[in-house]
Amino acid sequence: MEIINLLIGGFAVAFEPLNLGLIIFGCTVGLFIGAMPGLGSVNGVAILLPMTFLVPPTSAVIFLAAIYYGAMYGGAISSIMLGIPGASTAVATTFDGRPMALKGEADKALIAAAVASFVGGSISVVLFTAFAPPLAEVALAFGPPEEFSLMMLAFATFIGLGGDDIPKTFFSIFIGLALSAVGLDIVSGEPRLIFFDIPGFFHGINFLVLAIGIYGIGEMLWTVEVSKGNVQMSKATVTVERTFDALRKVLGTWKTMFMGSFLGFFVGILPAAGATPGALMAYGIAKSTAKDPDSFGKGNIAGVVAPESANNAASTGSMLPMLTLGIPGSPTTAILLGGMVIWGLEPGPLLFVEHEEFVWGLIASLYAANFFALLINIAFIPAFIMVLKMPFTILAPIIFCLCVVGGYVPTQDMHDVWLMLGFGIVGYLMRKLNYPLAPAVLAIVLGPIAEPAMRQSLIGSHGDISTFFTRPISGTIMICAIGLLLMPVIKILKNRMQADRKPEKGV
Amino acid sequence: MRKAELVMALCLAAFSAYLMLKSAELPIGWIPDEGPGGGAFPFWLAAGMFVCCMSVVYRWFRRTSPISQSTEPYMDKNTQRMFITIAGSLTVMIGAIHFIGVYFSLPLFLMFYLRFLGRHSWPLVAGVAIATPIVTFFFFEIALLKTLPKGFTEPLFYPLYDMFL
């Protein structure tokens with residue numbers, strides 16, 4: 001029962017006054033961020049990361065993880081009250097949450113969302129605790145070739161499972177990786193890609209500059225455009241009696257909650273998938289296995305429970321590959337990973353050996369964050385509803401200011417602020433044309449790890465590419481990656497064959 | 001939409017080509033016994049970007065991708081005005097930081113945005129515009145010890161540093 005001992009040690013770290021305070025504060029901030037339409041965990045973590053230099057690294061990561069968690073709870077609030085998803089992860093929650101609110105059952109929907117989030121979070125943290133140590137142990141044997149093939153697998157999942165336009169997804173991955181190559185060549189030390197000989201490029205392009213540009217400035221521009229129309233806010237009556245009645249109803253859906261939690265966790269592990277598709281899949285399964293599928297979309301409580309348990313479980317799931325393998329499972333964990341690298345806590349299997357206290361502290365803090373997020377969520381429902389009434393024209397300029405200051409602080413170079421503005425504007429313009437941007441953020445974080453891994457492998461094998469295929473683990477991962485890359489091609493061929501067959505039938 | 005798709009693809013293709021040229025300043029070939037040279041990684045990535053852009057352009061001509069069939073405008077009049085105002089005021093704000101520093105640039109931006117885009121009341125505008133720089137100062141300069149750019153207003157802050165640091 002070594003794990004339990006380690007976990008108890010972790011709770012000792014998580015319950016240090018500073019860390020506990022940050023967990024509660026992070027959950028609250030996360031809930032507000034999640035509740036605001038247009039802002040989700042990834043925006044909160046990207047914009048607030050520079051602010052966490054105030055506290056020691058362990059506390060900073062715990063704080064950011066608490067924001068991540070809180071935002072997953074909060075996303076449901078605006079989905080239900082406004083009918084606008086608070087974050088893309090809460091899209092599926094609008095399907096039944098909004099009709100419930102329109103029927104005057106907003107309080108029931110909010111409580112269902114909170115409880116389902118709690119169950120999803122709890123089940124996934126337990127799964128996380130069980131899976132992380134063995135996975136880290138296996139990963140300890142990984143060398144540069146395995147690392148590189150894992151990255152290939154991460155990118156391949158975007159192509160195979162991402163569901164976005166394929167050439168545009170490829171483009172996004174390539175540009176992220178190429179931008180990460182700016183600065184000095186890691187092997188020869190020569191300057192590389194110094195655009196127009198501007199000295200600011202010598203220190204490379206910090207991933208935060210891209211992340212804040214896209215998820216801060218770009219996202220704000222996008223939200224200002226999308227939220228132009230008037231929104232109708234529902235009323236919620238919260239009384240103790242109604243709360244207990246709602247709780248009883250919610251607990252009746254335990255099967256859906258469990259399904260959502262397990263599904264969400266495993267979908268969350270995949271880099272391209274994560275919480276949004278996890279929640280949509282859980283909703284789909286809940287609907288197709290229900291006795292009364294027709295009631296879905298008209299205010300069925302299970303339609304709120306399924307996506308909410310899945311998106312919280314997915315957020316924990318996406319931390320698993322990030323901590324054990326150093327491959328983030330979502331854009332938010334990609335930014336967390338970048339932050340940990342800044343703080344000298346390089347994610348990967350060695351983390352479990354060298355920074356045991358940190359890892360278990362973080363895991364324990366997830367248990368704690370889950371609990372506090374539930375309490376704060378239910379206790380402050382009226383406060384969150386008030387925040388939703390705040391006009392976006394107050395919030396947006398303050399966030400722009402935060403982005404500018406946050407973009408400046410890590411390197412203290414105005415060059416980075418200009419670059420961030422450029423990325424934000426170009427990112428917004430590209431997003432309007434359906435270019436997916438999450439792969440680019442993932443790529444700029446992984447680039448500085450992927451390139452050395454590839455080149456070290458090749459130096460080790462004297463320039464022989466087959467090293468990626470002949471080592472058993474690396475070879476298996478590579479074959480999976482190639483399989484995923486071929487998926488769209490197979491899909492196209494299949495469609496063509498079906499199209500060919502149809503006319504034959506007609507004749 | 002159609003025009004925007006083509007323009008964007010061509011701009012990105014031009015950027016990819018520039019990246020390829022820039023990468024080629026370092027060896028992009030295969031160094032025996034060592035693997036790819038220092039420029040190879042970005043060079044082939046940029047080449048990949050270029051191919052992707054060309055594929056977007058190809059599908060634009062054949063009208064096979066959803067966006068190349070779309071007849072919706074890329075930006076309607078309202079969005080256009082909103083985009084130009086916000087992006088423009090952000091650019092002016094960041095540019096002004098070089099001269100008048102963060103503590104004068106941010107309030108001016110906030111005042112502009114809240115009053116002219118948000119049409120909020122003056123007391124609220126003043127409240128946000130005064131509170132934001134004060135909070136920023138105490139958080140970053142005092143708590144984090146990270147100095148923010150102040151331009152020529154730097155001397156104004158010496159007494160504050162003496163008082164709090």
Side-chain angles (χ1 to χ4, degrees), chain A residues 51 53-54 165-168 170-171 173-175 177-178 181-182 185-188 190 192-195 217 220-221 224-225 228 391-394 396-398 400-401 404-405 408-409 412 414 417-418 421 424-425 428-430 432-435 447 451 454-455 457-459 461-465, chain B residues 1 4-5 8 12 19 22-23 25-26 30-36 38-39 41-42 45-46 48-49 51-53 55-56 59 65-67 74-75 78-79 82-83 86-87 90-91 93-94 97-98 102 106 109-110 113-114 117-120 124 128 132 136 139-140 143-144 146-149:
Chain A
M51 320 293 154
F53 294 126
L54 187 61
D165 190 292
I166 307 279
K168 288 177 179 173
F170 264 118
F171 182 86
I173 295 171
F174 288 150
I175 195 169
L177 286 171
V182 172
D185 173 24
I186 28 135
V187 174
S188 67
E190 279 173 89
R192 179 165 71 172
L193 296 179
I194 310 298
F195 303 118
I217 293 188
M220 280 293 111
L221 287 170
V224 170
E225 182 192 336
K228 262 182 314 206
F392 200 67
T393 41
I394 299 182
I398 296 178
F400 281 130
C401 291
V404 169
V405 178
Y408 176 82
V409 165
Q412 299 196 291
M414 278 307 282
V417 180
W418 284 111
L421 179 68
I425 292 176
Y428 162 74
L429 295 175
M430 284 170 74
K432 281 179 77 77
L433 292 170
N434 287 351
Y435 284 83
E451 196 199 352
M454 177 184 81
R455 289 173 70 184
S457 317
L458 289 172
I459 291 173
S461 68
H462 302 286
D464 183 5
I465 296 190
Chain B
M1 272 298 189
E5 171 88 337
M8 178 63 88
L12 294 175
L19 262 180
K22 204 72 192 155
S23 312
E25 287 173 5
L26 270 78
W30 197 267
I31 303 169
D33 260 10
E34 201 183 276
F41 187 69
L45 288 170
M49 283 160 61
V51 172
C52 291
C53 294
S55 130
V56 172
R59 289 186 306 159
S65 63
I67 284 202
Y74 179 57
M75 272 193 198
N78 259 329
T79 312
M82 177 281 307
F83 172 71
I86 297 182
L90 270 171
T91 313
M93 184 245 280
I94 296 176
I97 290 179
H98 288 278
V102 166
L106 290 191
F109 170 75
L110 286 168
Y113 200 111
L114 290 170
L117 296 178
R119 308 205 180 280
H120 294 288
L124 184 126
V128 176
T132 308
T136 311
F139 190 83
F140 287 99
L144 278 180
K146 298 259 186 193
T147 45
L148 296 175

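Please read these numbers as outputs of a predicted model, since none were measured by experiment. Chain naming here is simple, since letters A, B, ... match the order of the sequence lines and numbering starts at 1 in each.
- If you measure heavy-atom distances from A/Met51 to chain B, the contacts under 4.5 Å come from both the backbone and the side chain.
- When heavy atoms are compared at a cutoff of 4.5 Å, B/Leu148 approaches chain A by way of both its backbone and its side chain.
- With a 4.5 Å cut-off on non-hydrogen atoms, B/Ser55 touches chain A through its side chain but not through its backbone.
- Of the atoms belonging to A/Tyr435, it is side-chain heavy atoms, and not backbone ones, that fall under 4.5 Å from chain B.
- Relative orientation of the A/Phe400 and B/Phe109 rings is perpendicular, given thresholds of 30° and 60° on the angle between their planes.
- Within the 4.5 angstrom heavy-atom criterion, atoms from both the backbone and the side chain of B/Glu5 approach chain A.
- For chain A, no part of B/Ala46 is nearby; none of its heavy atoms comes within less than 4.5 Å.
- When heavy atoms are compared at a cutoff of 4.5 Å, A/Phe171 approaches chain B by way of both its backbone and its side chain.
- Looking at B/Leu19, the atoms closer than 4.5 Å to chain A (heavy atoms on both sides) sit in the backbone and in the side chain alike.
- Side-chain contact check for B/Met1 versus A/Leu433: some heavy-atom pair is nearer than 4.5 Å.
- In terms of modelled atom types and a separation under 3.5 Å, the side chain of A/Lys432 and the main chain of B/Tyr74 share a donor-acceptor contact.
- With a threshold of 4.5 angstrom between heavy atoms, A/Leu429 approaches chain B through its backbone and through its side chain.
- When heavy atoms are compared at a cutoff of 4.5 Å, B/Ile94 approaches chain A by way of both its backbone and its side chain.
- The part of B/Met93 that comes within reach of chain A is its side chain, from C-beta onward, which places non-hydrogen atoms under 4.5 angstrom from that chain.
- In this structure, the portion of B/Met82 lying under 4.5 Å from any heavy atom of chain A is its side chain and not its backbone.
- Residue contact with chain B, scored on non-hydrogen atoms closer than 4.5 Å, involves the backbone and the side chain of A/Glu451 alike.
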